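Structure record follows, encoded as structure tokens.
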Amino acid sequence: MITVDEHRERILAAARLLEPVTAPVEAALGRVLREPVRSAVDLPLFDNSAMDGFAVHHADVATASPDSPVTLEVVADLPAGTSLNPSIDRGQAARIMTGAPFPTEADTVVPFEDTAGGLADSLERVTVVTAPRSLGMHIRPRGEECRAGDEILPAGLVLGGRQLASAAAAGVTDVVVSRVPRVAVISTGDELRPPGAPLEYGQIPESNSALLDGLCRENGAEVVLRTQVTDDGDGLRIALTEASALGADVVITSGGVSAGAYEVVRNVAPMQFEKVAMQPGKPQGFGDGEPLLFGLPGNPVSVAVSFEVFVRPALLAMQGATVLDRLILPMRVLEPWRTPTGRRQYRPVVVTREGVRPASSGGSHLAASLGRADAYAIVPTHVDAVAAGDLVDVMLIS
Ligand SMILES: Nc1nc2c(c(=O)[nH]1)N[C@H]1C(S)=C(S)[C@@H](COP(=O)(O)OP(=O)(O)OC[C@H]3O[C@@H](n4cnc5c(N)ncnc54)[C@H](O)[C@@H]3O)O[C@H]1N2
Ligand code: MOO
């Protein structure tokens with residue numbers, strides 16, 4: 001048996017970096033940045049108001065109070081989007097809305113709430129009843145966040161909605177990201193029928209390809225082939241050839257890798273087969289050629305865990321991601337369970353505010369309960385049981 005870390009290192013050492021490509025920001029969701037994003041502009045682009053109210057001279061209103069209000073003449077109205085920069089003398093003000101360019105001749109914003117009339121009578125004169133706390137209040141200065149040319153997103157980041165918004169706000173239209181990895185998903189087993197097909201005794205619906213297709217796409221990969229083959233070997237040979245012809249960077253098979261009589265992947269695929277000290281996911285195949293070949297065990301929970309522990313880090317490494325691992329946090333165990341010694345356990349769990357509880361009774365064949373899990377509790381090799389109240393490491397997967 002080899003350790004999880006040994007197997008993972010072998011995989012990561014074989015994961016080749018895909019080429020960078022330029023993509024429009026709108027098409028970059030889920031992709032990995034290969035060059036930092038630099039702002040095209042100063043942010044904010046110009047001094048602007050943080051509040052709806054009035055642009056004033058601070059010296060005019062520094063002593064304003066309910067007992068000693070100050071009335072100013074309103075000489076302009078500045079909505080967001082205006083290109084006006086009116087001159088504002090002492091004793092004057094401009095009505096201004098949030099986001100509107102702040103006039104160069106004023107120095108402070110008084111919000112509507114600090115005036116006697118509020119919004120209602122605000123276009124001719126304004127009576128300030130509360131002095132601003134300081135000069136420059138409620139002005140968002142140009143360049144406060146960054147200057148044109150500053151790095152706003154580092155290379156290696158996976159682009160989500162927040163990151164795409166940062167790039168768009170910074171006037172960036174194109175980003176340099178990794179080419180999307182192409183994956184082929186091949187399910188093996190004579191017992192498998194496409195979901196929805198009538199089942200004879202001994203047959204089951206094929207579900208691993210739905211699992212792997214979803215997990216790959218959730219992690220920035222494109223699934224170029226999704227197929228199911230029988231255990232005789234010819235189907236797998238043809239599927240592997242097809243995967244290469246489609247330019248797959250990665251092929252993931254499930255099933256046919258353990259110790260039985262009909263282990264088609266073991267018999268046909270050019271992989272090295274190992275027993276890895278983990279549960280589930282003990283029998284693993286891996287081929288370090290081109291494409292990379294992952295021979296995952298057939299049990300659905302084993303497939304899901306093997307994907308997280310081996311395939312996902314490889315897909316991210318190929319794309320140049322900086323962070324390959326999920327967040328792992330210690331959490332309280334709410335219900336006890338047993339775990340085999342000598343293998344690191346990845347137990348599907350449901351996370352609540354109080355802690356974690358097992359998502360199923362524990363077998364790696366329990367496919368239906370997998371959908372309830374939102375994390376894997378990781379129990380070290382030497383431990384044979386976890387008790388309620390224990391702290392356990394939990395890998396968050398959703
Ligand atoms: N004598 C031994 N038997 C087994 C060992 C062992 O060490 N010695 N290891 C066990 C472990 S652990 C695992 S995990 C499984 C892995 O077996 P295979 O990778 O050969 O997978 P299969 O036998 O083909 O399938 C296992 C199980 O999963 C179901 N399955 C397979 N593919 C799908 C699919 N696409 N969708 C839904 N379900 C699928 C299949 O019907 C089996 O029930 O071996 C143990 N045995
Ligand atoms: O290792 Mo198997 O994946 O336990 O069920």
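Whatever order the structure lists them in is the order used to number ligands and atoms, beginning at 1. All of these numbers come straight from a predicted model, not from anything done at the bench.
Remark: minimum distance from atom 5 (O) of ligand 2 to any protein heavy atom is reached at S364 OG, 2.4 Å. Nearest non-hydrogen protein atom to atom 32 (N) of ligand 1 is N208 ND2, 3.3 Å. From the protein, the heavy atom lying nearest to atom 2 (C) of ligand 1 is A259 CB, 3.9 Å. The protein atom (non-hydrogen) at minimum distance from atom 13 (C) of ligand 1 is N299 ND2, 3.6 Å. Among protein heavy atoms, atom 30 (N) of ligand 1 sits closest to G298 O, 3.4 Å. Of the protein's non-hydrogen atoms, the one nearest atom 41 (O) of ligand 1 is E191 OE2, 2.6 Å. Summary of contacts: the protein heavy atom closest to atom 37 (C) of ligand 1 is S207 OG, 3.4 Å. When hydrogens are left out, the protein atom nearest atom 44 (O) of ligand 1 is S258 OG, 3.2 Å; that is the closest non-hydrogen contact. In this structure, atom 7 (O) of ligand 1 lies nearest to the protein heavy atom K282 NZ, 3.1 Å.
The side-chain heavy atoms of P141 and P44, taken from C-beta on, include no pair separated by under 4.5 Å.
Atom CG of residue D231 and atom CG of residue L192 lie 8.0 Å apart, to the nearest 0.5 angstrom. Here the CZ atom belonging to R312 is positioned 11.5 Å from the SG atom belonging to C216, to the nearest 0.5 angstrom.
Judged by distance alone, the side chain of E263 and the main-chain N or O of A259 form a donor-acceptor pair under 3.5 Å. With D42 contributing its side chain and A148 its backbone, the two residues share a donor-acceptor pair below 3.5 Å. A distance-only check finds a donor-acceptor pair linking the side chain of T98 to the backbone of D52 [under 3.5 Å]. Judged purely by atom type and a 3.5 angstrom limit, R347 uses its side chain to pair as donor or acceptor with the backbone of S360.
Residue-ligand proximity, G255 to ligand 1, at heavy-atom distances under 4.0 Å covers atoms 19 (O), 21 (O), 24 (O). Listed by number with element, the atoms of ligand 2 under 4.0 Å from a non-hydrogen atom of S302 are 2 (Mo), 3 (O), 5 (O). Near K282, with a cut-off below 4.0 Å to any heavy atom, the atoms of ligand 2 are 1 (O), 3 (O). Contact atoms of ligand 2 toward N299: 5 (O) (distance under 4.0 Å to a heavy atom of the residue). Distances below 4.0 Å separate heavy atoms of S302 from the following atoms of ligand 1: 14 (S). Ligand-side atoms of ligand 2 in range of P280: 1 (O), 3 (O), 4 (O), 5 (O), range being under 4.0 angstrom from any heavy atom. The distance from ligand 1 to the heavy atoms of E263 drops below 4.0 Å at these ligand atoms: 20 (O). Atoms of ligand 1 lying under 4.0 Å from at least one heavy atom of S187, given by number and element, are 35 (N). Ligand 2 places these atoms under 4.0 Å from at least one heavy atom of R343: 1 (O), 4 (O).
Of the candidates V349, V394, D390, V333 forms a side chain to side chain contact (heavy atoms under 4.5 Å, CB included) with just one, namely D390. When each of M318, R34, Q319, R179 is tested with L17 by the rule side chain to side chain contact (heavy atoms under 4.5 Å, CB included), just one qualifies, namely R34.
For atom 19 (O) of ligand 1, a protein heavy-atom neighbour is present inside the 4.0 Å cut-off. For atom 10 (C) of ligand 1, the protein comes within 4.0 Å by no heavy atom at all. Distance check for atom 35 (N) of ligand 1: a protein heavy atom is found below 4.0 Å.
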Before giving the answer on ring-ring contact (aromatic ring centres under 6.0 Å, His included), spell out for F112 and F54 the whole-Å C-alpha distance, their side-chain angles and the decisive distance to 0.1 Å. CA-CA 7 Å; F112 280 119; F54 298 89; 5.2 Å; yes

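Note on V185 and V305: same hydrophobic cluster, where clusters join Ile, Leu, Val, Met, Phe, Trp and Tyr whose side-chain heavy atoms are under 4.5 Å apart, directly or indirectly. In this structure, M395 is not a member of the same hydrophobic cluster as V356, with clusters built from ILVMFWY side-chain heavy atoms closer than 4.5 Å.
At a heavy-atom distance under 4.0 Å, no atom of K275 approaches ligand 2. Contact annotation: for I204 versus ligand 1, heavy atoms closer than 4.0 Å belong to the side chain alone.
Geometrically, ligand 1 and P297 share no nitrogen or oxygen pair separated by less than 3.5 Å. Any N or O atom pair closer than 3.5 Å counts here, and G256 shares at least one such pair with ligand 1. Among the atoms of G281, some N or O lies under 3.5 angstrom from an N or O of ligand 2.
Note on ligand 1: E206 sits in its first shell, one or more heavy atoms being nearer than 4.0 Å.
A salt bridge is absent between D114 and R133; no separation between the charged side-chain nitrogens and carboxylate oxygens falls under 4.0 Å. Look at R344 and D393 and you find no salt bridge, because none of the NZ, NE, NH1 or NH2 atoms lies under 4.0 Å from a carboxylate O.
Scored by the salt bridge (Lys or Arg N to Asp or Glu O under 4.0 Å) test, R16 finds E290 as partners (sequence neighbours excluded).
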Can you list, pair by pair, the side-chain donor-acceptor contacts under 3.5 Å of residues 66-77, counting residues two or more places apart and other chains?
residue : atom : partner : partner atom : Å
T71     : OG1  : T127    : OG1          : 2.9
E73     : OE1  : Q92     : NE2          : 3.2
D77     : OD1  : R95     : NE           : 2.8
D77     : OD1  : R95     : NH2          : 3.4
D77     : OD2  : R95     : NH2          : 3.2

